Structure formats: structure tokens, C-alpha cells
Amino acid sequence: MQNKKFLQTSMETIQWFIFLLASSVALPIVVGAIFDMSFSEVAGLMQRTFFIVGLASFLQSIFGHRMPIMEGPAGIWISIFSVMAATGLQNGTSLDGTLRLLETTMIITGVFLFLFGIFKISQYILPIFTPLVTGTFFFLLTVQLSGTFLQGMLGLQGDSTNIQIKEALIATFTFLIVLGLSIFARGWLSSYSMFIGILIGWIIFVVVEGQAPEIGDVAIFSLPQVFAFGMPTFDISAIPIAFITAIILISNIVASVVAVDQTLGNEGGERRKEINRGTTVFGINHGLAGMFSSIANVPLSTSAGFIGLTGQKRKTPFIYASFLLMVIAFFPPIVSYISSIPSPIANAALMASFVQLVGLAVRNVTLTPLDNRRITIIGIAYLIGMGTMFLPAEVFSELPLVVQNVMSNGLLVGTALVIILEQIWKEK
């Protein structure tokens, strides 16, 4: 009986570990491409990402909301990384300088989230996150990031200005595999569609290119580096971005806690406490992400889908898997090998996963009938939010930097607009 329980726990731990790993590998590669990082820099970012994902998930499961919910790299932060890189270059700030400012922005966001949680403010912010707000946020997020992902799939990142045919074809095939498995497959094939798609695409890429990844000379063991981008630099523009982002991020933790509560069959009687505790630890995790020069995490609501599909409702294997991911981060040869996943493959897998996010956006927006009020609010937020995304970065160059970094981000502009309009124009 003891051996059977040990085997069950081991298998469940491995499944959770693969889920954590598959959800963490792609975004560091995307960020590396945006900031023209070398292979060793991407490997270092990957190492710190694994460490922070494992640590953040572990802290939440023990001290935060205390549920098996993965804390994974956040799409909204990729949006902020991308926009601040563009506005920084426009204003003469180097990519390294922007990364140091991003460290500060993540830390300040963490301070806001910590205060929201410790003073139980988060529970009073919840009413502003109506289905219209969350639906608009999800939709604008997919619009803003789809261009970055598509450029990566076509091999247009860095100095390249022409479509790389071989890379584009392999990336498209990877996209179709991930999408096909997630929609039509059942059981473990559906659960690990992203992991399987990346693996197949990576193998094809190596065969077609005719060369295996070169890991180089790396240490067997090393600790994740603190402030790897350099010491944080402060700019007043980081404060409004951090504040708006912190408020928007609360919707992530609410959605994830509610989804997993329902999947586990909990009544939700402790939901306010779960959200307040979770927001507090959420803030600590953001501070750690800034300190370790990583990508800030959010609770992934896809954890509920994983639990529902696999039937794994116990928290212990999740804790073990989170700890295992932290341990893996201490061994650079393993991390470096994972980091050698080609950028087109990582971007293709992420693009496929965002198809479901578009569906989630549509479902949220249409949850209640679209009367004239809702259509007008959505129309204004979409037009101005998406329109901002297509404006050249130099349009805002004469404005203060604090305004530039907010106004250049169509996701923040559109989401802020729909929140303000919903609060001003109340339903009768």
C-alpha cells in the first residue's frame, strides 16, 4: 500500500513538473529575442525564470492562497517589456538600461500588490473587474502580443527583415500540432500539447538545420544571479505603470482562485481570505522577480484545466514539483539545453495557446447581452486601445517619459478606458 502511494505521488509530481516546465520555457526565449540577448544571456534568464516560477508557486501553495495553482511568466509583462523596449530606444535609452528600469517596475508593482493584500484592499477592487473589463483585457493582450509572436515565427526578429522560409514552415507546423492536440486530443496528449509541439518542432528544426544545439562550457552548478541586468534604475514613469498593472493583475489571481476552487469542489467560503493572502504573496513574488531579473509571474488559470483533465486534486505533488523546478535551476547544463529551443518554435507554441485566450475574451464580453451601453464602451476601448498599438513610438516623444510609457501601451490604455467608462456610465 505504501509503495502504491509512493508511486502515485511520484507520477503526479512528474506530471505537474512537466506542466510547470512546458508553461515556463517559451516566454524567456521571446524576451531574449526582443532584447537581442546572446545565447548565454537567454540561458541565464531561463535559469532565473525556472527558479522564480518554482519558488513563487511554492510560496503561494504554502503561505498564499494555499492552492495548487502554477505561477507562470505573465503575458501582460511581455507586453510591457516589448513596449518599454521600443519607447526606450526612441528616447535614446539602451536595451540594457530598459531592462534595469523593468527590474524597478516589477519591484514597485510588487509593493503595490503587497499593500493591496496586507491591508485587504484587493477585495474592494474586485467589483471593477466585470466580464466586460476582463474580456477587453484578454482581447487587447492577444492583439498586442500576436505581432511579436508572428514576427518570431517568421524569423523577423533581430537584424532580419525578410521572412525565413524554412523557419516559418517549421514554426507553422509546430503551431498546427499544438493547436490540433489541444482541440482534438484527449487525456495526456491534450494536457501536454505545448510540450509535445515544442519537442517535435525542435527535433525537426535540428534535423533540417543539420546541427544540434551547442551548449558551450558552462558550470555544473550555479546559483541564480541577483540583479543580472544590472542594478535597478528609477524613473518616475515606473510608478503609474506599476500601479495600473497591479490593479489589472488582481483579476488574474481572482480568476485563477475561483476556477481552481470550482474544479476542486470547494464552496468558496474562504475566498476573500484566499485572495487577500494570495495578493500579498503575489506582491512578494513580483519583488523576487525584479530582484532576480526574471519575468514577473501570474497565477495561471490553466491550472484548473490541468486539474480537471488529470484528476490530480492533491496539493502535495504540486509542492514537490515546484521544489523540483527550483532545484533544476541550479544546474546550468540542463537549463542551457532547454534554452536552445529555437525562437520560431517557442513563438509558434505561444501563438497557438493564445487562440484559447481569444475564445475566453469573446465569452467574457458576451456573458451578458450586448446593449447599446456595452457596445459603445467596447467600441471606444477597442478602437483607442488597438489604435494606440499601431502609432509610431515617436508620436509621444515630446511628452514626459511617464506619459510615454503609459500612452504607448495600448493594452494599458484600452483596459483603463473600459474600467473608467464602466464606472462613470452606470447601468440603469
Side-chain angles (χ1 to χ4, degrees), residues 21-46 49 72-89 95 98-99 102 140-180 182 193-206 208-209 211 213 294-295 336-358 389-390 393 409-411:
L21 188 67
S23 303
S24 306
V25 295
L27 287 182
I29 297 171
V30 173
V31 169
I34 293 171
F35 285 86
D36 294 332
M37 293 183 184
S38 65
F39 175 78
S40 61
E41 289 173 329
V42 173
L45 177 59
M46 185 81 75
T49 299
I76 184 175
W77 277 109
I78 300 301
S79 164
I80 294 170
F81 271 60
S82 178
V83 169
M84 287 183 66
T87 56
L89 289 174
L95 291 174
T98 299
L99 286 170
L102 279 161
L140 290 176
L141 177 64
T142 57
V143 171
Q144 189 159 59
L145 292 182
S146 59
T148 301
F149 295 154
L150 191 59
Q151 285 179 5
M153 286 177 64
L154 300 178
L156 295 177
Q157 292 173 321
D159 297 328
S160 177
T161 56
N162 296 317
I163 294 177
Q164 309 301 306
I165 302 298
K166 286 193 294 186
E167 293 182 6
L169 289 174
I170 298 170
T172 303
F173 184 64
T174 303
F175 172 81
L176 294 174
I177 290 175
V178 176
L179 196 61
S182 64
S193 56
M194 182 180 287
F195 183 79
I196 294 168
I198 289 175
L199 191 61
I200 293 174
W202 191 8
I203 292 170
I204 294 173
F205 192 92
V206 169
V208 171
E209 293 295 325
Q211 57 182 11
S294 179
I295 307 165
S336 294
Y337 195 80
I338 296 171
S339 303
S340 64
I341 297 171
S343 177
I345 306 304
N347 279 280
L350 275 173
M351 180 75 98
S353 70
F354 267 59
V355 171
Q356 299 299 320
L357 199 58
V358 174
M389 297 176 193
F390 295 101
N409 194 322
L411 173 63

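Starting from 1, each residue takes its place in the sequence as its number. Remember, predicted model here, so these are calculated numbers, not experimental data.
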Of the non-hydrogen atoms in A33 and S343, which two are nearest, and what is the gap between them?
CB-OG, 4.0 Å
Nearest heavy-atom pair of A74 and I295: which atoms, and what distance?
N-CG2, 4.3 Å
Is a side-chain donor or acceptor of S82 paired with a backbone partner of S79 at a separation under 3.5 angstrom?
no
For M84 and L102, the nearest pair of non-hydrogen atoms, with its separation, is SD-CD2, 3.5 Å
With no hydrogens and no angle check, is any side-chain donor or acceptor of Q164 less than 3.5 Å from a backbone partner on N162?
yes
To the nearest 0.5 Å, tell me how far L45 CG sits from M37 CE.
5.0 Å
Closest heavy-atom pair, V143 versus M389, reported as atoms and distance to 0.1 Å, is CG1-SD, 3.6 Å
Shortest non-hydrogen contact from L95 to A85?
CD2-CB, 4.1 Å
Taking it one step at a time, do V178 and M351 satisfy side-chain contact (heavy atoms from CB on, under 4.5 Å)?
CA-CA 9 Å; V178 176; M351 180 75 98; over 6 Å; no
Minimum heavy-atom separation for E41 to D36, with atom names?
OE1-O, 4.4 Å
Calculate, to the nearest 0.5 Å, the distance between atoms OG1 and CG belonging to T148 and L350 respectively.
10.5 Å
Could you walk me through whether T49 and V31 pass the side-chain contact (heavy atoms from CB on, under 4.5 Å) test, one step at a time?
CA-CA 11 Å; T49 299; V31 169; over 6 Å; no
Quick check for you: to the nearest 0.5 Å, what is the distance between I177 atom CD1 and S182 atom OG?
12.0 Å
To the closest 0.5 Å, what do you measure between CG (L99) and CZ (F81)?
6.5 Å
Please round to the nearest 0.5 Å and tell me the distance separating atom CD1 of I34 and atom CD1 of I29.
12.5 Å
For the pair Y337 and W202, name the ring-plane relationship: parallel under 30°, tilted 30 to 60°, perpendicular over 60°.
tilted
OG1 on T174 to CZ on F205, rounded to 0.5 Å
10.0 Å
